[in-house]
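Scroll down for the structure; my scribbles are underneath it.
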Amino acid sequence: MANMNTLGTINATTGLKPDAFYDKLLLTMLRQTKFQHRNFAKKKKLPKNFGDTINFRRFAKLEPNTTPLTEGVTPEGKMVEGASITASIKQYGDVMFFTDKVSNEQLDDVITEYTVELGYQAQESLDIIARDTILNGASVFYAGEKADKDTLTATEVPKIDEFRKIALAMKKDHIKPYRGTGKYVCLVSPSVMFDLMDDAKLEKYMQFGQTNKPLKDNMVADIYDLRFIEVLNAKTETNTGGVDVHHSIVMGDEAYGDIELEANGNVQIIKKGLGSAGTDDALNQRQSVGWKVNGYGGVVLTPIAVYDYMSVPTV
């Protein structure tokens with residue numbers, strides 16, 4: 001807990017003035033790894049004063065050339081083919097209010113505690129924004145190879161073999177595994193992870209590998225060409241048949257782009273004191289502290305490098 005008596009003093013521990021201290025605390029919260037959807041993105045910074053859009057370049061795979069060269073004759077050659085993918089940043093934020101009942105001696109501690117909660121909220125908010133952007137641009141695979149989401153029933157439980165089929169499809173499309181892990185990354189809900197722990201393929205994997213590590217960790221990880229990671233904010237929804245459908249995200253390399261504004265102060269804590277609203281707070285009764293991200297956005301770079309696998313877990 002910060003040891004400060006007034007908003008005008010310098011923090012004795014960090015040497016930072018309060019505004020900088022709170023901004024640093026919020027940024028620390030945003031860097032935590034509790035939420036995973038942004039962790040596997042290709043990241044870019046948008047320079048300050050360069051507008052609100054940025055371009056990613058995606059180049060097409062060159063087809064093999066099996067024709068022998070003719071002596072003295074230069075081949076016609078290939079033209080570079082690719083696409084420009086545009087993404088925009090937007091502002092995000094929220095605020096908490098408290099009254100004049102909070103004394104000045106308590107105020108700094110209260111703001112510090114609020115900053116921790118606001119940082120957690122900001123991190124979760126950006127995680128959900130990234131998740132929804134990924135799902136909106138992903139290819140789709142339905143459990144049981146059903147035709148659509150609304151035909152899924154309680155029998156379409158998640159299976160490791162279906163994650164393998166997705167990875168196989170990406171391999172055939174020359175999509176590499178995520179370079180940071182050497183595996184295709186599977187972001188799954190706790191309920192999906194629960195069912196995968198009972199999958200017959202996992203049982204055989206443990207028998208052949210003579211390991212019970214998945215059971216001890218309660219996590220399926222690094223099986224075949226897949227790495228399973230449990231995420232807190234996996235999307236779920238109820239289809240027209242009344243069953244709860246869970247969305248798992250399977251990604252290869254450079255599937256998704258993540259953009260932030262390149263500027264000091266992109267992440268800010270904003271405090272407003274008693275009476276700062278003028279006549280709207282004529283009796284100095286309301287104070288606030290909030291968070292603001294001045295620029296954040298995302299975009300799917302290669303739809304065939306990311307899949308939305310929909311299944312119906314048993315729990």
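What you see below is based on every heavy atom in this structure, not just the backbone, and it leaves out hydrogens, waters and symmetry mates.
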Main-chain N/O of [Y] paired with [X] side-chain donor or acceptor, under 3.5 Å:
X: R131; Y: R38; result: no
X: D281; Y: R286; result: yes
X: D148; Y: D150; result: yes
X: E156; Y: T153; result: yes
X: T181; Y: K183; result: yes
X: D253; Y: Y178; result: no
X: T302; Y: A305; result: no
X: S139; Y: P303; result: yes

The criterion is side chain to side chain contact (heavy atoms under 4.5 Å, CB included); which residues satisfy it with [X], sequence neighbours excluded?
X: T133; result: I129, Y256
X: R164; result: I160, D161, K201, Y224, L226
X: D52; result: I89

Does NZ belonging to K43 count more than 12 external heavy atoms closer than 6.0 Å?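 Atom NZ in K43 is packed in, count exceeds 12.
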Give a yes or no on whether K90 atom NZ has more than 12 heavy-atom contacts from other residues, nucleotides or ligands under 6.0 Å away.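 Count not over threshold, so no.
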A side-chain contact here means heavy atoms from C-beta on lying under 4.5 Å apart; do N233 and V231 qualify?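 Answer no - side chains too far apart.
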I85 vs N55 side-chain heavy atoms within contact, under 4.5 Å: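 Counting from C-beta outward, I85 and N55 never come under 4.5 Å.
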Just grab all the side chain to side chain donor-acceptor pair (under 3.5 Å) pairs involving residues 304-315, residues at least two apart or on different chains.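 Listed once each, the pairs are E162-Y309, D195-T314, H247-D308.
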I'd like to know if the side chain of [X] pairs up with that of [Y] as donor and acceptor (distance under 3.5 Å, no hydrogens or angles considered).
X: W291; Y: Q121; value: yes
X: T236; Y: D244; value: no
X: Y92; Y: N294; value: no
X: D127; Y: Q36; value: no

Under the side-chain hydrogen bond (donor to acceptor under 3.5 Å, both in side chains) criterion, do Y296 and D258 qualify, and how do the steps go? CA-CA 8 Å; Y296 172 70; D258 191 271; 2.8 Å; yes
Do E260 and K44 sit within salt-bridge range, that is, some charged N less than 4.0 Å from a carboxylate O?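 Salt bridge between E260 and K44, a charged N being under 4.0 Å from a carboxylate O: no.
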I'd like to know if E254 and K176 make a salt bridge, using a cut-off of under 4.0 Å between side-chain N and carboxylate O.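 No, no charged N to carboxylate O under 4.0 Å.
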Please name the pair of heavy atoms, one in [X] and one in [Y], separated by the smallest distance, quoted to 0.1 Å.
X: V306; Y: A255; value: CB-CB, 3.9 Å
X: T67; Y: N65; value: N-OD1, 3.2 Å
X: H246; Y: S191; value: CE1-CB, 3.6 Å
X: A87; Y: I259; value: CB-CD1, 3.4 Å
X: V185; Y: I229; value: CG1-CD1, 4.0 Å

Each residue besides V312 in its hydrophobic cluster should be listed here, by chain and number; the cluster joins Ile, Leu, Val, Met, Phe, Trp and Tyr at side-chain heavy-atom distances under 4.5 Å.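 Once heavy-atom contacts under 4.5 Å are chained together, V312 belongs with V140, Y142, L152, V243, V245, M310.
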Which ILVMFWY residues are connected to V315, directly or by a chain of links, through side-chain heavy atoms under 4.5 Å apart?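 Reading the cluster by chain and number, V315 sits alongside F194.
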